[in-house]
Amino acid sequence: MQRIKFKDMPYERPDLEATKERIASLTERLSNASDYAQAREAFLEHDQLYREIMTLDQLSYIRHSIDTRDEFYQAERDFWDESMPELQSSENRWTKALLASPFRTDFTAEYGDLMFVNAEIEERSFSEAIIGELQQENRLVTEHGKLIASAKIPFEGGTYTLSQLTPFKNDANDERRLAAWKAEGTWYKEHQADLDRIYDEMVHLRDAMGKKLGYDSYIPLGYDRMQRNCYGKEDIERFREAVVKYVVPLCDDIYRAQAERLGFAYPMSFSDAQLLFRSGNPKPQGTPDDILAQGKRFYDELSPETSEFFRTMLDYELMDVLSTEGKEGGGYCTDLALYEVPFIFANFNGTQGDVEVITHEAGHGFECYLNCGRTPVSYTWPTTEACEVHSMSMEFFAWPWCEGFFGPDTRKYLYSHLSGAVTFLPYGTMVDHFQHLVYERPEMTPAERHATWKELMGTYMPWIRLDGEIPFYSDGEGWQKQSHIYEVPFYYVDYCFAQTVALEFWSMIQEDEANAWKHYMAYTTLGGSLTFTELLERAELRSPFDEECLRGICKKARTWLADYDLTGIE
C-alpha cells in the first residue's frame, strides 16, 4: 500500500443516508446470495466500506483530540456522535444477515468462527430502541472530554493543563509537590458539580439501555459492549480475590519501605506516595526529539519488524506527542484502517510517562502495524485486555535500552517501573470493583458513590491516608479523575489482566530475552483472530484468571525488589 502522511489524509464528512443505503444494499446481496462466492463478494465489499467509514471517524477524532478548540472538527465530532448510533442500526441488520447466512461454514473455514461469536454479542447488545440513549451517551462523553481538556490550573504564577501540571505533582520538594496536588484537587472540586451531573446521567442512561435490552442491569450489557467473549463476572471476581490475597500485601511492603526510605509517616498522603526517591522520581534525559530518537534506536535494534514499524511512524508523521493548549488529555493509539497504519496520540510532560508513550502506545501501534491488513478488518485488534498485553509488555522489552532514555536515572527507573507495575494492580482492580457496585445500584447519589470509593480504598490501597489534607482526593472523590470510568465502563480492569501477563513476560525476560520475544511475537502476530484466552494458550502463557499466575509473579517480583541495589540513590 502506498503510504501518505497524516496531515495529507483527506477528510470529508460522509453522506449518512447514502452510507446507510450502501450498507442496506450489501445486506440484501448477502441475504440473497445463491452461493458462497456471491456472499463472499458482498462480505468483502462491506469490509472495505467499514474501513472507509471508520477511517473518516478516526481522522475527525484524532484531529479534534489534538485541538479541541477547532470549530470544524468539533462540528464533525457532533456529527459522528449523532450518526454512529444510526450507522450501528444499519450495521446491526448486516450482522443479523451474516448470522443467518447459510454459508457460515464456508466463512468459518476461510476466516475463522470468532467473527460470528462477536457478531452474536454485537447483535444482542444493540437495538434501535436505544439509539436515543446512545446518542445522548456520546454527547456526554464528548462533554466530559472537553471539560477535562479545558482545565487551566493556576500554579506558581503560571497556568497549566492537567497534563502539564503532572511534573509538579512528582516534584522532589515536598511543599511544592503537595501544593500541586492541592491545586489539581481544587480544580476538580470547583468542577465537581458538572462531574457529578455528567456521571449521574451516564449511569442512568446505561442502566436504562441495559433494561431496554432485557438485561437485569447495565453490567452484562457493559460486558457485551466490551466484547468479552471468553470470560465472565465470576472470573473477574476470582482475579479480584487474588489481587487482595497476593498483590495488596506485596504493595503494602513496597510502600512501607518507601515511607521508611523517605522519612514519611505511614500510611502516606497522596502527595507523599507519589515520590519514590528523595532526589526525585526518574526523569527522561533530553528533549522530546531525543526521546523519539532513542525510541528509534530501540526499535531498530529490537527486531527487523519493529524497526520497519517505527520508521514508518516517524516518516509519515503518525504521532502527535507534545502537550499543547487545547489538546485533550491522556494518550491513545488508534488505527486508520484505509491506510493500514496506526496513529499515536500523547501528551509529553517531562516525566517517565514520556518514555512509556514510546514503549506502551507504540506497543499497540506495532501490533496494529502487523495486523492492519487482516480480513475482516475487525481482526486487526483483539479485545482490549489482549491489546494491552502488547503495550505493557513492550515497556519491559525496552529495559536494555533504558540507559539511552534515562541516563543517570536508569536504576531509579527500573525499580520504579517494576514496583509501579505491581502497585497499579490494586488500583486498577478497585476501579472495576467500584463500577460494579455503581451499576448494581444505579440509584446511588453522588455522595454515596464517593463514600463507596473511599471504603474500597481501605481494602485495595491501605497505604494511603485519607485525612482531608488534599481537596477532592482525600475526600474519596479521586475516582472522578479516571476518565475510563466515564467514557468506557468496565475497560479499566483490562489493564490489570494485561499487566499480569506483561509481568509474566518480565519474568521470562529475566531468564531469556530472546525466548521471551519469541513468545511475544507468537502472541502478537495473531492480531484479533482469536479470543484473549486462546491467544495466551497459543503463546504458552498462563491466564491471569489462574490464581497461581499472580501468586508466582508476586513471589518473583518480591525477591527482585528486595534484592535490587539502591545503594547511592538518594
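The structure displayed is predicted, hence computed values, not measured ones. Sequence positions, counted from 1, serve as the residue numbers for this chain.
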Using 30° and 60° as the class limits, which term best fits the ring planes of [X] and [Y]: parallel, tilted or perpendicular?
X: Phe6; Y: Phe343; answer: tilted
X: Tyr492; Y: Tyr495; answer: perpendicular
X: Trp399; Y: Trp506; answer: perpendicular
X: Tyr255; Y: Trp463; answer: parallel
X: Trp517; Y: Tyr520; answer: parallel

Looking at [Y] and [X], is any side-chain nitrogen of the basic one under 4.0 Å from a carboxylate oxygen of the acidic one?
X: Lys454; Y: Asp475; answer: no
X: Glu234; Y: Arg240; answer: no
X: Glu547; Y: Lys245; answer: yes
X: Asp315; Y: Arg311; answer: no
X: Lys283; Y: Asp409; answer: no
X: Glu237; Y: Lys233; answer: yes
X: Arg238; Y: Asp546; answer: no
X: Asp252; Y: Arg256; answer: yes

Looking only at heavy atoms, what is the nearest atom pair of [X] and [Y], with distance?
X: Lys327; Y: Phe345; value: CE-CE1, 3.2 Å
X: Leu250; Y: Arg558; value: CA-NH2, 3.3 Å
X: Gly478; Y: Tyr473; value: CA-CD2, 4.0 Å
X: Val244; Y: Pro249; value: O-CD, 3.4 Å

Separation between [atom1] of [X] and [atom2] of [Y], rounded to the nearest 0.5 Å:
X: Phe277; Y: Arg411; atom1: CZ; atom2: CZ; result: 9.0 Å
X: Leu466; Y: Glu455; atom1: CG; atom2: CD; result: 12.0 Å
X: Glu534; Y: Asn229; atom1: CD; atom2: CG; result: 8.0 Å
X: Ile254; Y: Ser416; atom1: CD1; atom2: OG; result: 11.5 Å
X: Cys372; Y: Glu367; atom1: SG; atom2: CD; result: 9.0 Å

Are the ring centres of [X] and [Y] closer than 6.0 Å?
X: Phe298; Y: Phe397; result: no
X: His144; Y: Tyr199; result: no
X: Trp560; Y: Tyr564; result: yes

His417-Glu356 side chain donor-acceptor pair, cut-off 3.5 Å: no

Could you pull out all residues at least two apart from Phe545 that satisfy ring-ring contact (aromatic ring centres under 6.0 Å, His included)? Tyr231, Phe497

For Phe490, which residues count as a ring-ring contact (aromatic ring centres under 6.0 Å, His included) partner, sequence neighbours excluded?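 Applying ring-ring contact (aromatic ring centres under 6.0 Å, His included) to Phe490 gives Tyr223, His436, Tyr439.
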
Applying side-chain hydrogen bond (donor to acceptor under 3.5 Å, both in side chains) to Glu301 and Trp401, what does each step give before you reach the verdict? CA-CA 9 Å; Glu301 296 175 5; Trp401 287 267; 2.7 Å; yes

Under 3.5 Å donor-acceptor, [X] side chain and [Y] backbone:
X: Asp335; Y: Val341; value: no
X: Asp224; Y: Gln227; value: no
X: Glu395; Y: Thr359; value: no
X: Arg206; Y: Tyr218; value: no

So [Y] and [X], do their side chains get closer than 4.5 Å, heavy atoms only?
X: Thr459; Y: Met430; result: no
X: Phe270; Y: Ser474; result: yes
X: Asp432; Y: Ile236; result: yes
X: Arg542; Y: Thr500; result: no
X: Thr452; Y: Val438; result: no
X: Trp479; Y: Leu195; result: no
X: Leu302; Y: Met394; result: yes
X: Asn371; Y: Tyr379; result: no

Only one of Arg261, Arg177, Arg278 clears salt bridge (charged side-chain N to carboxylate O under 4.0 Å, His left out) with Asp272; which? Arg177

So Tyr413 and Leu418, side-chain contact (heavy atoms from CB on, under 4.5 Å) or not? Walk me through it. CA-CA 8 Å; Tyr413 174 73; Leu418 181 62; over 6 Å; no

Residue that, paired with His390, satisfies ring-ring contact (aromatic ring centres under 6.0 Å, His included) out of Tyr523, Phe505, Phe366, Tyr369: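 Testing each of Tyr523, Phe505, Phe366, Tyr369 against His390, the sole residue satisfying ring-ring contact (aromatic ring centres under 6.0 Å, His included) is Tyr523.
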
For Leu456 and Met461: C-alpha separation, side-chain torsions, deciding distance, then whether side-chain contact (heavy atoms from CB on, under 4.5 Å) applies. CA-CA 8 Å; Leu456 287 173; Met461 299 177 69; over 6 Å; no

Evaluation steps, salt bridge (Lys or Arg N to Asp or Glu O under 4.0 Å), between Lys169 and Glu184: CA-CA 9 Å; Lys169 291 173 63 190; Glu184 183 178 88; 2.8 Å; yes

How far apart are the C-alpha atoms of Tyr427 and Gln482, what are their side-chain angles, what is the distance that settles it, and do they pass the side-chain hydrogen bond (donor to acceptor under 3.5 Å, both in side chains) test? CA-CA 11 Å; Tyr427 172 76; Gln482 195 61 62; 2.7 Å; yes

Verdict with supporting geometry, Ser529 and Leu114, side-chain contact (heavy atoms from CB on, under 4.5 Å): CA-CA 7 Å; Ser529 61; Leu114 183 58; 5.7 Å; no

Does Glu317, at its CD atom, have more than 12 non-hydrogen atoms belonging to other residues, nucleotides or ligands within less than 6.0 Å? yes

Set out, in order, the CA-CA distance, both residues' side-chain angles and the distance that settles side-chain hydrogen bond (donor to acceptor under 3.5 Å, both in side chains) for Thr567 and Asp565, then state yes or no. CA-CA 6 Å; Thr567 304; Asp565 183 12; 2.5 Å; yes

For Gln164 and Asn349, what are the C-alpha separation, side-chain angles and deciding distance, and is it a side-chain hydrogen bond (donor to acceptor under 3.5 Å, both in side chains)? CA-CA 6 Å; Gln164 292 168 341; Asn349 53 25; over 6 Å; no

Might you work through the side-chain contact (heavy atoms from CB on, under 4.5 Å) test for Arg441 and Leu437, ending with a clear yes or no? CA-CA 6 Å; Arg441 290 185 55 215; Leu437 296 176; over 6 Å; no

